Amino acid sequence: MSCLLKFLKATRLNMKIEANLRTICISLFMINIVFWLGIFVYFSFVRFAAKEEYLIMKILLLGEPLIFGIGLIGYLKKYKLVYLFTLLFLLGNAILSMTDEVGMYDWISLVLSVSLLVVLFVQRKEMLNKSGQ
């Protein structure tokens, strides 16, 4: 009987940890989306508002929250391919944050990317075993 109780307590604890990791992961996705939308708005409409030569940069900055949105949808639906793409994207994002002149936005991006990467990596068994597609 005591083994059964220990098993039930451990199962409930694991379920709570998985639920908390899921909440943290969704929150980090949302924080990344809001952060990159804010960066896009700032650089597009304030800092480089009248400069057409920065059009490519503005498009890439808009692509960041779109990719994080796709990653969030893939995470919620447990799509294996989107999960793997998101891991690669976050790794690339973290590396690229450190390759240029590192400023405040780069450090914030690095912390957000690495945090989400770690949480997603911790959940790899769940994501790769119970995937939607």
Side-chain angles (χ1 to χ4, degrees):
M1 189 69 162
S2 91
C3 289
L4 180 62
L5 287 174
K6 286 181 183 178
F7 174 75
L8 290 174
K9 286 181 181 177
T11 304
R12 274 189 290 187
L13 180 62
N14 284 341
M15 289 173 62
K16 286 182 181 178
I17 290 171
E18 286 178 14
N20 287 340
L21 281 175
R22 188 168 173 81
T23 303
I24 290 169
C25 194
I26 293 168
S27 299
L28 284 171
F29 268 115
M30 296 301 291
I31 290 168
N32 268 297
I33 290 170
V34 170
F35 171 74
W36 285 107
L37 280 175
I39 294 294
F40 168 73
V41 168
Y42 172 70
F43 279 98
S44 294
F45 301 111
V46 177
R47 188 154 181 200
F48 302 124
K51 298 181 180 178
E52 292 180 15
E53 62 268 14
Y54 290 102
L55 182 63
I56 299 291
M57 185 187 76
K58 294 174 187 178
I59 292 170
L60 291 173
L61 284 174
L62 184 59
E64 287 272 345
L66 293 175
I67 292 172
F68 279 112
I70 292 168
L72 176 59
I73 292 169
Y75 173 77
L76 293 173
K77 294 188 181 265
K78 298 185 191 261
Y79 290 144
K80 186 187 301 187
L81 189 61
V82 175
Y83 170 75
L84 294 173
F85 172 76
T86 304
L87 286 178
L88 286 174
F89 176 74
L90 287 168
L91 184 62
N93 220 10
I95 291 169
L96 288 175
S97 293
M98 301 306 295
T99 59
D100 198 11
E101 296 177 24
V102 181
M104 179 182 67
Y105 301 122
D106 297 307
W107 284 109
I108 294 170
S109 170
L110 179 68
V111 168
L112 289 173
S113 294
V114 170
S115 300
L116 185 54
L117 182 65
V118 168
V119 174
L120 282 173
F121 187 74
V122 167
Q123 294 181 319
R124 69 189 177 279
K125 287 182 183 176
E126 178 188 343
M127 292 300 296
L128 295 175
N129 291 336
K130 302 176 183 177
S131 61
Q133 287 183 352

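Quick caveat, the model's predicted, so the values are computed rather than measured. Excluded from the calculations below are hydrogen atoms, water molecules and symmetry mates; all remaining heavy atoms, backbone and side chain alike, are included.
Within the 4.5 Å cutoff, no side-chain heavy atoms of Phe85 are placed close to those of Lys80. A 4.5 Å side-chain heavy-atom check between Phe40 and Pro65 finds every atom pair outside the cut-off. Side-chain contact between Tyr75 and Thr86: absent, with no pair of heavy atoms (C-beta onward) separated by less than 4.5 Å. Leu112 is listed as a side-chain neighbour of Ile31, based on a closest heavy-atom distance under 4.5 Å. Looking at Leu72 and Leu76, their side chains come closer than 4.5 Å, going by heavy atoms from C-beta outward. Using a 4.5 Å heavy-atom threshold, the side chains of Leu61 and Trp36 count as touching.
In this structure, Lys78 and Met127 approach most closely via the heavy-atom pair CA-CE, 3.8 Å. Contact between Tyr105 and Ile39 at its shortest, heavy atoms only, is CD2-CD1, 3.3 Å. Minimum interatomic distance between Tyr83 and Leu120 (heavy atoms only, all atoms of both residues): OH-O, 2.7 Å.
Atom CE of Met57 has more than 12 heavy atoms from other residues, nucleotides or ligands within 6.0 Å.
A side-chain donor-acceptor contact under 3.5 Å links Asp106 to the backbone of Gly103.
Relative orientation of the Phe89 and Phe68 rings is perpendicular, given thresholds of 30° and 60° on the angle between their planes.
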